2 protein chains.
Amino acid sequence: MDRRVTKKGNDDASGKERPTLKTLAFMTGLGVTTVSRALKDAPEIGAETRRRVQLVAKQIGYRPNRAGVRLRTGKTNVISLVLNTEHELMSFVSDIIYGVTEVIADTPYHLIVTPYSRSQDPLDPVRYLVETGSADGVIISRTQPNDPRARYMLEHGVPFATHGRTDMGLVHPYHDFDNYAFAGEAVRALAAKGRNRLALVTPPVGLTYFRYTVNGFADALSEVGASEVPFNTVSIDHTIEQIRMRTAQLMRRDDRPDGIISSAAAATLAVVAGIEDAGLKLGRDVDVVSKQSSEVLHLFRRELLVVNEDFRLAGYELARAVLGWIAGKEPGSLQSLSKPSEVLPYRG
Amino acid sequence: MDRRVTKKGNDDASGKERPTLKTLAFMTGLGVTTVSRALKDAPEIGAETRRRVQLVAKQIGYRPNRAGVRLRTGKTNVISLVLNTEHELMSFVSDIIYGVTEVIADTPYHLIVTPYSRSQDPLDPVRYLVETGSADGVIISRTQPNDPRARYMLEHGVPFATHGRTDMGLVHPYHDFDNYAFAGEAVRALAAKGRNRLALVTPPVGLTYFRYTVNGFADALSEVGASEVPFNTVSIDHTIEQIRMRTAQLMRRDDRPDGIISSAAAATLAVVAGIEDAGLKLGRDVDVVSKQSSEVLHLFRRELLVVNEDFRLAGYELARAVLGWIAGKEPGSLQSLSKPSEVLPYRG
DNA sequence: TCAGTATACTGAAACGTTACAGATTGCCAA
DNA sequence: TTGGCAATCTGTAACGTTTCAGTATACTGA
C-alpha cells in the first residue's frame, strides 16, 4: 500500500505553461466545472462570477485545449476540404481555399486539406474522415449526379457541402455555378456574332455540371437555330497537348465550327493554340467564348469572349453552408447557385 | 458512500463503435498498456504477443485516436502551411499543396492551411500555432533575409522549413529556387539574341529572393557587357493593371529596354500586354524571358523565352524537410536549392 | 537452495475538457 | 419549525492515450 505524492504542477500560477481550466480555477478560487461553464455562458452560473471568470480568462489569454475538447466531446473544430490532386490542383483551388479561410477566420475552425491521388476511389478519403471522426464538416467537389460520397455522409450524419449539385433526390447543402445559363449565354453571344456552327469543350463527363452545360448548350442551340459540331473527343480534364491537337484536327475539317465554347480557361489556351495551328484566326474565322476564374484570357487574346466564375465566392459559400449545417440550420436552406456574368468582350 | 455502477460500454466487442486500445485489450486478453506497447514495437513485449496484437489490430482496423495521443503526448500529427492570402493564393499554391500532400500521404500527418490576411503581421499566425501547439511542423513562404518568423520558431524549438532562404546566420531547413542563376541565365539568353539594354521585373522587395534575383541580374549584366534599364516602379506583387500600364510607359520612352526579364508568369502576361499597348512587337522590338510554373506562356506568345520553376517540387522538398527535422535529422542537412531549367524557346 | 535479475506483463495516473450527480445556501410557504 | 425549491457552485468520472512504477514468473549463477 504505497502512498505516492501526486504532483500537479499547475495549481500554482507560476510557470510559462499554457493556462488551463485548472489555472483559471486556481486564480478565481472556483471549481474547474464552474469555470468551464462560466466561459460558455451557462445559465446556472451567477452573473458576476461569469464576468469575473471571463475577464481573467481574457487577461491571461486562455484558449481551450483542442485535444481536450475533442477527446471529451468529439468536436474537432475542423473543416476538411477534399481535393482530387490529379485534376483539381489548378489555380482555382487557391481561390476556393481563400474563400473558405475567409469564412473560417474568426471561428475556432481549422481547415485541413485532404487529398486523394491518382486513380483512387473518391470515396476513400471521405470514408477515412468519417470513420476517424477527423472533421466536423466536409467540403467536396467534382460532384456527380449520383454521388456516393454525398450519400455516404448523409447516411452517417456528417455535415458537408458539395461544390456542384447532385441528382439523387436527397437534399444537402451545395454551391454551384449556373453552367446551364453559362452555356446558354455563350451560345447566344456567338449567335449574335453570326456564328451558327458551334462546338463545345465540355466539363469532365460524369460530373453533374457536365450535364447542365450540355443541356444549356443544346437548349440554346435550338433556341437560336444554330447547330452543333460534335467535339466529344476532349473535355477540360484532358491535357493541354491533347486539347490543342484535337482542336487543330477539328478546325482543319471542312465542317469546322465557327464558334467554340470552352468550360475552362486552361483549356481555352489550348483551343486557341489549336485554332492557330490550323492556320485560322480568332475573331475572323471563329469566335471563342470561355469561362475563366481570373482575368487572364483578355491578356491572352483580346478577341476572346469571357464569362467569369468566382471560385472565391464558391469557397465562401461552401464554408458558410457547412458551418450553417453544423450549427443546426436546415440543409435545404444552405444551397446557392451563382449566376454567370455577362459574356464580356475585351474592354478597351 | 455511494456505490455507483460504472458502465464502460466498450469492454464487450459488440458495437459499431470505433475500436480503441481497450477493445484490443479485451480481444487479446491483455492489458491496455501491453497493447499500446505491442503496437509500437516496444522491446519488452514478447515477439509472439506483439505479432498477435498487431494482427488483431489490423483485422479490426484499429486506428489510434488522434485526440487521445495529442492530449497525452502533445503530438498533433499536423503540418501547417502558412499562407498569405493576399499575395500567395495564386496558382502555384496548389502546386505546393500538391507536393506537400504527396509526401504526407502515407504518414499519419494532416495538412492544415493557416492563412493570414490583409496587412496582418506575418508573425501572428506563427505565434498562434506555436502558442497553441497546433502543429508539429510549419512551412512558411515569402521568406525574408531577416525573418522574424524563422527566428521565433527557432527560439521556441518548433520544426519548420522556409520556402526561400534567410540570411540571419541561423541554420534551418529550407527549399529555394536558384533565382540568382535564373536571372543570370536570362541575361545571357537575351545577350545571345543581341539584346543589351535590359529591364527586370523583380520579386517583391524585401523578400530574400528579390536580392538573389537582382544580384544575379547585375552580375550577369556586367559579365556580358549589357546595361540595365531601371524599372523599379513595379514588382510581381503589383496588379496586372499596374504592371501593364507601367510597362507601356516604359516602352514608350526613347531609352526603352530591348529585353525584359520577368520573375512570374502572371506578371509576364501584363508585361506583354504593356509592350503591345506601346505598339511594339515581341521578338522583334524586345525579347522577354520569364519564369513560369506551368506550361502556359508558350501558348500565350510563342516568342517568349521561359524558365520553369517547379513548385510541386518545392512543396515536396519542404514537407520532407519538416518531417526530417521532426524525425530528428540535422536542420542543416535539410536544405535544398533547385536549379533553373535552361532558357527555353518555343519548341515547335 | 536462494538471491539476483531478466522477461513479460499490468494498474494507476495524467493530459484538459465536459457531463453527471450531487452539495450548500438562502428563502419561502405551510 | 420544517420541508421544499431555486440559485450557485463542486467533485468525480470519462473520453483514449502513454508513462511510471510496479508485479509475477522464470531463469541464472553460486
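Below, chains carry the letters A, B, ... as their sequence lines are ordered, and counting in each starts from 1. From a predicted model like this one, the values you see are computed outputs, not experimental measurements.
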Visitor: Between P on C:dC15 and CG on B:Leu21, what's the gap in Å once rounded to a whole number?
Guide: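 The answer, rounded to whole Å, is 19 Å.
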
Visitor: Could one point to a donor on the side chain of A:Thr33 or the base of C:dA19 with an acceptor on the other under 3.5 Å away?
Guide: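 Yes, a donor-acceptor pair under 3.5 Å.
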
Visitor: Whole Å only: how far is the CZ atom of A:Arg70 from the C1' atom of C:dC15?
Guide: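 Nearest whole value for this atom pair: 15 Å.
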
Visitor: Whole angstrom is fine here: how far is it from CG in B:Leu30 over to P in C:dA8?
Guide: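 So the two atoms are 13 Å apart, to the nearest Å.
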
Visitor: Work out which heavy atom in A:Pro125 is nearest to a heavy atom in A:Tyr116; give both atom names and the distance.
Guide: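 What the structure gives for the nearest pair is CG-CB, 3.6 Å.
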
Visitor: Just how far, in rounded Å, is P of C:dT18 from CZ of A:Arg72?
Guide: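 For the pair A:Arg72 CZ and C:dT18 P, the rounded distance is 9 Å.
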
Visitor: Identify, between A:Val69 and B:Thr34, the residue whose nearest nucleotide on DNA chain C lies closer to the 5' end.
Guide: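 Upstream on the strand: B:Thr34.
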
Visitor: Would you mind reading off the distance between A:Arg63 atom CZ and C:dT17 atom P, rounded to a whole angstrom?
Guide: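 A:Arg63 atom CZ is separated from C:dT17 atom P by 13 Å.
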
Visitor: Can you tell me how far C1' of D:dA21 sits from CD of B:Glu44, to the nearest Å?
Guide: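 Computing the B:Glu44:CD to D:dA21:C1' distance gives 13 Å.
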
Visitor: With a non-hydrogen cut-off below 4.0 angstrom, is B:Gly68 in contact with a base, only sugar-phosphate, or nothing?
Guide: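 The residue B:Gly68 makes base contact.
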
Visitor: Around atom CD of B:Glu48, are there more than 12 heavy atoms of other residues, nucleotides or ligands at under 6.0 Å?
Guide: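 Open: at most 12 neighbouring heavy atoms sit under 6.0 Å from CD of B:Glu48.
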
Visitor: Please report whether the ring centroid of A:His172 lies less than 6.0 Å from that of A:Phe160.
Guide: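 For A:Phe160 and A:His172, the ring centres are under 6.0 Å apart.
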
Visitor: Start at the 5' end of DNA chain C and walk down; is the nucleotide closest to A:Lys40 or to B:Gly29 reached first?
Guide: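 The residue whose closest nucleotide sits nearer the 5' end is B:Gly29.
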
Visitor: Under 4.0 Å: is that the gap between some side-chain N or O of B:Lys22 and OP1 or OP2 of D:dG16?
Guide: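 So the side chain of B:Lys22 is outside the cut-off, no N or O lying under 4.0 Å from OP1 or OP2 of D:dG16.
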
Visitor: OP1, OP2 of C:dC9 versus side-chain N and O of B:Thr49: anything below 4.0 Å?
Guide: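 For C:dC9, OP1 or OP2 has a side-chain N or O of B:Thr49 closer than 4.0 Å.
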
Visitor: Judged by atom type as modelled, is there a donor-acceptor pair below 3.5 Å linking the side chain of A:Thr34 to the main-chain atoms of A:Leu30?
Guide: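 No; judged by distance alone, with no hydrogens or angles, the pair does not exist.
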
Visitor: Taking only side-chain nitrogens and oxygens of B:Ser36, does any of them come within less than 4.0 Å of OP1 or OP2 of D:dT19?
Guide: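 So the side-chain polar atoms of B:Ser36 never come under 4.0 Å of the phosphate oxygens OP1 or OP2 of D:dT19.
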
Visitor: Taking atom C1' of C:dA6 as reference, at what distance in whole Å does atom CD1 of B:Ile45 sit?
Guide: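 Spelled out: CD1 on B:Ile45 to C1' on C:dA6 is 14 Å.
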
Visitor: Tell me: CZ of A:Phe26 to P of C:dG16, nearest whole Å?
Guide: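 Those two atoms, CZ and P, are 16 Å apart.
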
Visitor: Please tell me whether A:Asn65 and A:Arg70 have a donor and an acceptor in their side chains that are separated by less than 3.5 angstrom.
Guide: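 Per modelled atom types, A:Asn65 and A:Arg70 side chains form no pair under 3.5 Å.
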
Visitor: Determine whether a donor-acceptor pair (one donor, one acceptor, N or O, separation below 3.5 Å) exists between the side chain of B:Arg37 and the base of D:dT19.
Guide: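 It does not, because no donor-acceptor pair links the side chain of B:Arg37 to the base of D:dT19 below 3.5 Å.
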
